[in-house]
Amino acid sequence: MTAHGEITHQAICSYFIGPKAENISEFKANIKNILTELEQARKRYFPQPPDRKFITPEIKNSEEFQRLTKNFGNAYKAHMSTNLTMVSLLGYFMTMLYNPNNLAIKASPFSTAAEILVGEQLCELLGYNNNKYIEDVPTGWGHITCDGTVANLESIWVARNLKFYPLSLHRAIKEGQLRFAANDFHLQTCSGTSKNFMDLSTWELLNLRPETILDLPKMLHKQYGVSPTFIEQALDKYNIQSTGKDELERYFQIDKPMRYFLTNTRHYSWPKGGGKFLTIAGIGSENMVGVKVDAEARVDLVDLVAKLEQCLREQQAVYAVVAVIGSTEEGAVDRLNEILRIRQRFQKRGLSFLVHADAAWGGYFAAMLPRRLMTVEADFDPLKSVETSEQGFVPDLSLKVETQQDLLALKCADSITIDPHKAGYIPYPAGSLVYRDERMRYLVTWTSPYIGRGSLTNIGIYGVEGSKPGAAAMSTWLSNQCIGLNQEGYGALLSEATFTSTRLSAHWAAMTTKDDSFICVPLNRLPSEVNGGNVEDEKRFIREEILPKSNQEIYDDDATKHTMTLLRALGSDLNINAFALNWRYEDGRLNDDIEEANYLMLRVVKELSISSPNDEPTDKDLYLTSTEFKHEEYGSCAEYFMDRLGIGRSRQNLMVLRNVVMSAFPTDHDLIGDMMKRFRQVVEKAVEECRERNAIKPDIHRFFIQGTNEIYLIYRPRFQEARFRRQLILRARFDDAGLEAYMKAKTGREVLYLNTTDQTCLECLLNEVKTHGKSTFQGQLFDAAGNVRVNINVCVFRVIKNRSLNSRNREAEYPTTYMPFYVYGTGTQCHISHILLKAPNIELGAANVKLTLDADLEDEELARGAVLCLTGVPEAAMQPFAVKNTDDRKDFFFRPGQEFQVKIWRDLKRADESGPDLLPDSLDDFGPELASGTVRLQNEVLVDAKEVNKDPFDKESGEEENEKWRDLFQEIRDQLK
């Protein structure tokens, strides 16, 4: 490590209490100072005689007082917190004792001032202008919100109001108090043409540049001397807050809803805003349009341009385009720099929109850039006159070149969400929204964009929130001020965190070889994968030159330039590493089933996270989290990731593991090496479980018995183990003694089952039937309680249905308008069994059902098995079924005596043909019906969701685990009471 690096690390070590509480004495001293000052302040404020006490010694010695103070001691270990800076804790602790509300300045003069200073700090960090005297450059402004969700919602509100402001002004000039401006109020359109404001078309009004819209009051004042108060009054009856969006759209005959674009991988706050806040704003969630992502989960610029081209072609206005600067799932930074260039090109063609940067996660990483690069310029090209190279602006940064460019481009975004309580290491709640032009804040009040910078006002009038804690603002200001939003402060801290993240990414990228029992594939590709180099050579270099070496050895290496260039290219854009695992069979074959790869990762993340009340946090050497790459969100990104894992492209979603690096300490003392050893142990154990789960070998197999004049064996499958993943309906015969015992055992509603006595290979049994026409085995007859009645000899002589239940043979969705069953048997005895199309699922079967149909079913159809659908039972709406005591519920829909409307079709699939696409999505697509009518269930009904979904490696089901969490929570509630 360089001398400068050693100095910065020494400074970083002073920021936190420390992994082993090394700085606790300094923190205690500061807490003592704060409490001493509080004590003195209270005594000064209440100068009563010393013998006058409100809380007397008698009260403090009371049993109730002692009980409460003892019960809230160090034993409370319900959760763990990440590292927070000591100064932020001190600032919060100091301020919360006074409980200021930053809604009104009178109630919070100090913390309101701190919030305004925070806004200025963040403006400077992000490259916005703080000097109102610089001409032709807008002045920035920011404020604290409770979190990034509220900040994003506020940005939606601003985008809507900005888009409609020219329409309100146009109407006020046409028919209101601003008529004097109708003939000679000129401005420039989006494409640069000078026109009279009243001659602008609706399309041109909707596409004025953001800076032009914000200049409108100033232009009116300059040309006509109109005061801001008069403009506000003149617009009062026409602005969107008064009339609502629908009225303005009717008046200006806007028949196409405006669009809001952001990537499919956006933070959950966006669909939350789309579903709730956009509805409140009148925009509608359907108009929040997702843009595809590329292989690294960044915005797909080609898809974005295509969508904007369509809007331009069809004259459909756009509110905003959002660039995510650090996705919370993958740490991906969208190409903000390119999005700004795209906007420039579209503005020249007449389409304008806001650009908002959701940098809730990544905003603080701008501190890693030299401050000279974040100087304010009027030019919208963020890279103009900036020297760069293949290492980026700063060769020794661990950030990718593209990430450096996009962090630099933040200064040209119209608004930015940035959360100090994320990469600022500051306590919750401390989100923030920052505007490039402070006049945008007036769009979320009931005033017009102000002409000049106003005086200090109540900060609570801006934005969504009302009351909010002043402690959050003071905490943020103090941490920013003491550490510094520059390369020597937060920049150095985040540099070490990203370097640690990069070192971990090197492990994920080169951890495994062909000799290992599993493969580890990071989401972010190696440079050789992107550029067509030798991937194995690059992995070998990482294993030999990076993984075994200390930070100091990497810095001192003669090949540092190459090593650092490679390190910079590894991992995510910031400090989150997303990766996936797959396992090999003992013969070296790679598993090709996505469900089994997901299962491996599920086992790993359960071992390396807190997933049960019984888990002990101190036993976890490494913490991982997981996410899911859904097809509708990740598209080709997920498919390509599946290809790299060797599982092929599946309709199922892919599980992905993640590690987030916030600490600067793990690279010391070979902690990463120790963590990787533990990680490998966990994965290898999980691989053994996966191999066992997927072994095709003899086992005990179970059947549900139906019928008396003809015997049918309905196989009891399990999704979780390969040797049980099969839906089977078999015709069978019992020997005379076995048939007699079976008939004797059938009394009333008794449901009877059959087990193979010995471990049997199911595949061998089916092959014997296919080859020789029959297969025999010895079985045990038993009842629902598990009591063995008798041993019988069984002969299987026909396979009615034989379907694989492997994941690739399942449907993507449950049926939405029906529930499907197989119907089979004879003209005198018919039986039904639920068709298992997707997991999880439920076994439903009924023997000797009563069919009342408009046409008789031919014996041939019943012999081969037809498809019966309960037409009034939408399976998709009922899944998933509870696995606990389903068959004991007296109100369960599938029970003796129930009658259903049905339609029956010929099964067009072969007896051994598997899915997917086994059945059509709609009843209308089945083709000609064989019959329709009703089915009534008689006594023998099978209902079981547990067996088919049973996981042999999980000691308890998900519901049982949730029940433990509920019990723990109730215990805590009782203790608190």
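Sequential numbering from 1 along the given sequence is applied to the chain's residues.
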TODO: Please answer whether the main-chain N or O of A945 pairs with a side-chain N or O of E843 as donor and acceptor at a distance below 3.5 Å.
DONE: no

Task: F926/Y818 aromatic ring centres below 6.0 Å - done: yes

Task: salt_bridge(E940, K746) N-O dist < 4.0 Å - done: yes

Open item on the list: Whether K697 and E692 form a salt bridge (side-chain N of Lys/Arg under 4.0 Å from carboxylate O of Asp/Glu) is what I want to check.
Closed with: yes

Task: Side-chain donor/acceptor of N809 to backbone N/O of L805, under 3.5 Å - done: no

Task: is_close_aromatic(Y599, F719), centroid dist under 6.0 Å - done: no

TODO: Check for a donor-acceptor pair, side chain of Q829 on one end and backbone N or O of T708 on the other, with a separation under 3.5 Å.
DONE: yes

Open item on the list: So N802 and L730, do their side chains get closer than 4.5 Å, heavy atoms only?
Closed with: no

TODO: Pick out which of I832, L844, V935 makes a side-chain contact (heavy atoms from CB on, under 4.5 Å) with L870.
DONE: V935

- [ ] Among K950, R725, R693, find the one that has a side-chain hydrogen bond (donor to acceptor under 3.5 Å, both in side chains) with Q720.
- [x] R693

TODO: Find the distance between CZ (R723) and CD1 (I700) and round it off to the nearest 0.5 Å.
DONE: 11.0 Å

Task: Check ion pair E768-K774 (N to O, under 4.0 angstrom) - done: no

Open item on the list: On a heavy-atom basis, which atom in Q879 and which in N841 lie closest, and how many Å separate them?
Closed with: NE2-OD1, 3.0 Å

TODO: Determine the minimum heavy-atom distance between N264 and G290, stating which atoms define it.
DONE: OD1-CA, 3.1 Å

- [ ] State, without any angle test, whether Q898 and R895 hold a side-chain donor-acceptor pair at a distance under 3.5 Å.
- [x] yes

- [ ] Report the C-alpha distance between Q706 and Y824 in whole Å, list the side-chain angles of each, state the deciding distance to 0.1 Å, and finish with yes or no for side-chain hydrogen bond (donor to acceptor under 3.5 Å, both in side chains).
- [x] CA-CA 10 Å; Q706 293 177 326; Y824 44 90; 2.5 Å; yes

Task: Nearest-0.5 Å distance, SG of residue C764 to CD1 of residue I696 - done: 11.0 Å

Task: Verdict with supporting geometry, R718 and D951, salt bridge (charged side-chain N to carboxylate O under 4.0 Å, His left out) - done: CA-CA 8 Å; R718 292 182 197 166; D951 185 344; over 6 Å; no

Open item on the list: Any side-chain to backbone donor/acceptor pair from R803 onto L836? Under 3.5 Å, distance only.
Closed with: yes

Open item on the list: Centre-to-centre under 6.0 Å for H831 and Y822, is that the case here?
Closed with: no

Open item on the list: Does atom CG (D925) have a neighbourhood of more than 12 heavy atoms from anything else shown, all under 6.0 Å?
Closed with: yes

TODO: Tell me yes or no: between the side chains of Q778 and N791, is some donor less than 3.5 Å from an acceptor?
DONE: no

Task: Parallel, tilted or perpendicular: rings of F629 and F641 (30°, 60°) - done: tilted

Open item on the list: If we ignore hydrogens and angles and just use 3.5 Å, is the side chain of T756 paired with the main-chain N or O of H701 as donor and acceptor?
Closed with: yes

Open item on the list: For the backbone of C690 and the side chain of N694, can you confirm whether one donor and one acceptor N or O come within less than 3.5 Å of each other?
Closed with: yes

TODO: Give a yes or no on whether the backbone of S650 and the side-chain of H631 come within a donor-acceptor separation of less than 3.5 Å.
DONE: yes

TODO: Please say whether the positively charged group of R716, taken as NZ for Lys or CZ for Arg, lies over the ring of F704, i.e. under 6.0 angstrom from the six-membered ring centre and within 45 degrees of the axis.
DONE: no

Open item on the list: Checking side-chain polar atoms at under 3.5 Å, does E875 have a donor or acceptor matched by the opposite partner on H834?
Closed with: yes

Task: Donor-acceptor pair between E330 and Y634 side chains, under 3.5 angstrom - done: yes

Open item on the list: Can a side-chain donor-acceptor contact be found between T627 and E329 if the only test is distance below 3.5 angstrom?
Closed with: yes

Open item on the list: Using modelled atom types and a 3.5 Å cut-off, is there a donor and acceptor pairing between side-chain atoms of W905 and backbone atoms of G927?
Closed with: yes

Task: Heavy-atom pair with the smallest gap, counting every atom of V291 and D300 - done: CG1-O, 3.7 Å

Open item on the list: Measuring from atom SG of C830 to atom CD of Q938, what distance do you get when rounded to the nearest 0.5 angstrom?
Closed with: 11.5 Å

Task: Value rounded to 0.5 Å, distance of CD in Q780 from OG1 in T757 - done: 4.5 Å

Open item on the list: Less than 3.5 Å apart, any donor N or O on the side chain of N709 or T828 sitting next to an acceptor on the other?
Closed with: yes

TODO: Drop me the distance from D859's CG to T826's OG1, to the nearest 0.5 angstrom.
DONE: 7.5 Å

Open item on the list: According to side-chain hydrogen bond (donor to acceptor under 3.5 Å, both in side chains), who are the partners of E639, at least two apart in sequence or on a separate chain?
Closed with: R649

Open item on the list: If we ignore hydrogens and angles and just use 3.5 Å, is the side chain of S914 paired with the main-chain N or O of S804 as donor and acceptor?
Closed with: yes

Task: Crowding at CD, Q759 (>12 non-hydrogen neighbours, <6.0 Å) - done: yes

TODO: With rounding to the nearest 0.5 Å, note down the distance linking CG in D758 to CZ in F777.
DONE: 10.5 Å

- [ ] Indicate yes or no: does R651 engage D917 in a salt bridge with an N to O separation below 4.0 Å.
- [x] yes

Task: Minimal non-hydrogen separation, D294 against E296, with atom names - done: OD1-N, 3.0 Å

Open item on the list: For K801, is there an ion pair with D912 - N to carboxylate O distance below 4.0 angstrom?
Closed with: no

Open item on the list: Taking the side chain as everything from C-beta on, heavy atoms only, tell me whether N949 gets closer than 4.5 Å to P840.
Closed with: yes

Open item on the list: Between R726 and E763, does any side-chain N to carboxylate O distance fall below 4.0 Å?
Closed with: yes

- [ ] Could you tell me whether D907 and K909 have a side-chain N and a carboxylate O separated by less than 4.0 Å?
- [x] no

TODO: Indicate the atoms forming the closest heavy-atom contact of G738 with I792, along with that distance.
DONE: CA-CG2, 2.9 Å

